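Only heavy atoms go into these numbers, but all of them, side chains included; no hydrogens, no water, no symmetry mates. In this text the structure is predicted, and so the values were computed from the model without any measurement.
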Amino acid sequence: MEKKIKVMIVDDSASVRKVIGEIIDSTPDMELMAAAHDPIIAMHHLKNQWPDVMILDIEMPRKDGITFLKEIMRDRPTPVIICSTLAEKDAEITMEALSSGAVEVITKPKVGIKDFLNESIVTITDAVRSAYNAKVSRLTLKSSQKLSAPPKLTADVILSPRAEKSVVTSKEKFVAIGASAGGTNAIENVLKALPSSSPGIVIVQHMPEKFTNAFAQRLDRLCDIEVKEAKDGDEVRNGCAIIAPGNRHMLISIKGKNLYVQIKDGPRVSRHRPSVDVLFRSVSKVAGKNALGIIMTGMGDDGAAGMMEMHNAGIKTIAQDEETCVVFGMPHEAIKLGGVDEILPLNKMADAIISYCN
C-alpha cells in the first residue's frame, strides 16, 4: 500500500474538526494523525509525531494561527493549509498567512449543507494533495526586486490619471495568467516587477470567494500597475491586472475593438471555479495573436487543455519551470500536452511579458 498523507487539524471548532477529520479518514490516500483545539495542544502532539500536512485555523484561543504558522515555518517548514471563514477580516489576515508560507487557503465547510459539503470534499482533498507535493522552501523566497528603470512599451498609449498611480489605456496586446498552489507569491513576484505601462493582464488564481478581493487589494498596494478583482464588463486595458473573483469563472469577450471580461456562474471545470481552462479557451477564441498565455505553479492539470488551444490559435505560450515552481503540476501537464512554446524560471516572467509586448 502506498504511504498515506498524515494530516493534522488545528481548529477551535469541534464541528469543523469533526467534518474535516471524517473527510480525511474517508479518503484512501490520507489519514488523520491528530486534531487539536489550539496551537498549544497541537505542540504536545508534535513532540511525538509530525504531520505531512497541517490544516490550520486563524483565530484560536491562547495563540493565533498566524503566529503559530510563522513559528512552524521558522523551526520546521511544513506544508500548511489555512482554513478560514468567508469574513472580510479573515480574508485580509489570510493574505498575511499566504505571504508567510501557507500553501493554500480553504473555507470552513458548512455543516448540514449538502452541496457545500460535497464541494468541500473536493476542495479539501485536492488542497491536501497539493500541499503534500509543495516545495515549501520556495514559498518564503523574497519577491524579485523591481526593475530599476522599467522599459516603456513601444505601443501607442494614452495616459489617464489615477490616484497615486499612472494608468495606461490601450487596445493592444494583453496577457492571460493561470496559477494555483504557490501562485499568490509567484503572481506577486511578477506583477511587482512590471512597469505601469505594462499590457493588460487577466489572471485566474485558484482561491475562494472574498479572498481574491483581498489578494487584489494587497497587490494594488504593492505594484506600480493597478490590480483589482474583476467585475462583469471590466475592460482589459494597459496598466491594469484583473483577477477572477473566487467561485466564479472569468472569460474574455470582444465588443468592437475592445476586450472585456465576463464573470459567470457554472459548474467546476477541471475541478475548479474559477478555472484556468475557461479563461484560456475564451482567450484562444477572441485574441488572435495579440495575447500571451502564461501557466504557473499549481497542482493538477487545469489550464493545460486551454493552453493547447491558445497555442493552436497562434498565441505565444509560456510555462514556469520546475525549479522555481512550488508545485510543478499545471505547468508540467501543459508541457506534456504540447501546448507550451517556452519554459522560463519565475524571475524571467516579467521580462518575457515586457519583451513580448515590445
Side-chain angles (χ1 to χ4, degrees), residues 9-13 16 19-20 39 54-61 63-70 73 79-111 113 116 119-120 122-124 126-127 130-131 139-140 143 177-189 191-192 202-223 226-232 234 240-250 261 263 265 268 272-275 297-298 326:
I9 303 167
V10 186
D11 196 302
D12 65 341
S13 168
V16 169
V19 170
I20 296 179
M54 184 180 294
I55 299 176
L56 181 63
D57 189 14
I58 291 177
E59 294 187 0
M60 290 175 287
K63 182 181 288 188
D64 66 273
I66 299 297
T67 301
F68 189 43
L69 169 67
K70 290 178 179 178
M73 299 310 293
V80 173
I81 299 166
I82 293 296
C83 184
S84 178
T85 68
L86 289 174
E88 297 287 350
K89 176 186 173 184
D90 279 1
E92 290 289 342
I93 298 172
T94 299
M95 292 305 104
E96 182 183 352
L98 288 168
S99 65
S100 298
V103 179
E104 294 262 22
V105 54
I106 59 174
T107 55
K108 290 182 181 290
K110 294 179 181 176
V111 181
I113 302 177
F116 192 94
E119 287 207 352
S120 291
V122 175
T123 300
I124 290 167
D126 281 359
S130 178
L139 286 165
T140 55
S143 298
I177 297 175
S180 188
T184 54
N185 285 352
I187 289 168
E188 177 183 326
N189 189 299
L191 297 191
K192 282 173 66 175
V202 288
I203 300 168
V204 165
Q205 164 67 46
H206 295 157
M207 189 178 285
E209 57 185 306
K210 303 285 187 183
F211 298 103
T212 43
N213 187 46
F215 179 45
Q217 290 177 358
R218 169 182 164 79
L219 291 179
D220 191 57
R221 293 191 295 267
L222 296 173
C223 301
E226 178 187 3
V227 185
K228 59 177 292 188
E229 183 185 56
K231 291 182 173 58
D232 190 55
D234 278 346
C240 182
I242 303 173
I243 298 175
N247 205 36
R248 303 193 71 191
H249 293 302
M250 182 169 73
V261 296
I263 306 302
D265 295 319
R268 290 174 175 240
H272 292 283
R273 185 177 57 241
S275 166
T297 175
V326 172

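Here the side chains of Leu98 and Met207 are in contact, with some heavy-atom distance below 4.5 Å. The closest side-chain heavy-atom distance from Lys210 to Ser84 is not below 4.5 Å. Between Ile187 and Ile243 the shortest side-chain heavy-atom distance does not fall below 4.5 Å.
To the nearest 0.5 Å, atom OG1 of residue Thr85 and atom CD of residue Glu59 are 7.0 Å apart. Here Cys83 contributes atom SG and Ile20 contributes atom CD1; the two are 4.0 Å apart, rounded to the nearest 0.5 Å. Interatomic distance, Glu229 CD to Leu219 CG, rounded to the nearest 0.5 Å: 12.0 Å. Met95 CE to Asn213 CG: the interatomic distance, rounded to the nearest 0.5 Å, is 9.5 Å. A distance of 10.0 Å separates CG of Asp64 from CG of Asp57, quoted to the nearest 0.5 Å. Within the model, atoms NZ of Lys231 and CZ of Arg248 stand 11.5 Å from one another, a figure rounded to the nearest 0.5 Å.
Considering all non-hydrogen atoms of both residues, Ile203 and Met250 come closest at O-CE, 3.5 Å. Nearest heavy atoms, Val103 versus Pro79: CG2-CA, 4.0 Å. Closest heavy-atom contact between Val261 and Ala230: CG2-CB, 4.3 Å. Taking each heavy atom of Ile66 and Ala97 in turn, the nearest pair found is CD1-CB, 3.4 Å. Summarising the geometry of Pro274 relative to His249, their closest heavy-atom pair is CA-ND1, 3.7 Å, with the distance given to 0.1 Å. In this structure, Pro39 and Val10 approach most closely via the heavy-atom pair N-CG1, 3.8 Å.
Of the possible donor and acceptor atoms, none in the side chain of Ser275 sits under 3.5 Å from a partner among the backbone N and O of His272. In this structure, the side chain of Thr297 does not engage the main chain of Gly183 through any donor-acceptor pair within 3.5 Å. Side-chain atoms of Asp232 come within 3.5 Å of backbone N or O of Ile263 as a donor-acceptor pair. Side chain of Gln205 to main chain of Ser180: a donor-acceptor pair is present (N/O by atom type, distance under 3.5 Å, no hydrogens or angles). Not one N or O on the side chain of Ser100 forms a donor-acceptor pair closer than 3.5 Å with the backbone of Lys70.
For the side-chain hydrogen bond (donor to acceptor under 3.5 Å, both in side chains) test, no residue two or more places apart in sequence or in another chain qualifies with Gln217. In this structure, Thr184 has no side-chain hydrogen bond (donor to acceptor under 3.5 Å, both in side chains) partners at least two apart in sequence or on a different chain.
No option in Asn247, Ile106, Thr94 other than Thr94 meets the side-chain contact (heavy atoms from CB on, under 4.5 Å) test with Phe211.
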For this session: Check step by step if side-chain contact (heavy atoms from CB on, under 4.5 Å) holds for Arg268 and Thr123.
Result: CA-CA 11 Å; Arg268 290 174 175 240; Thr123 300; 2.9 Å; yes

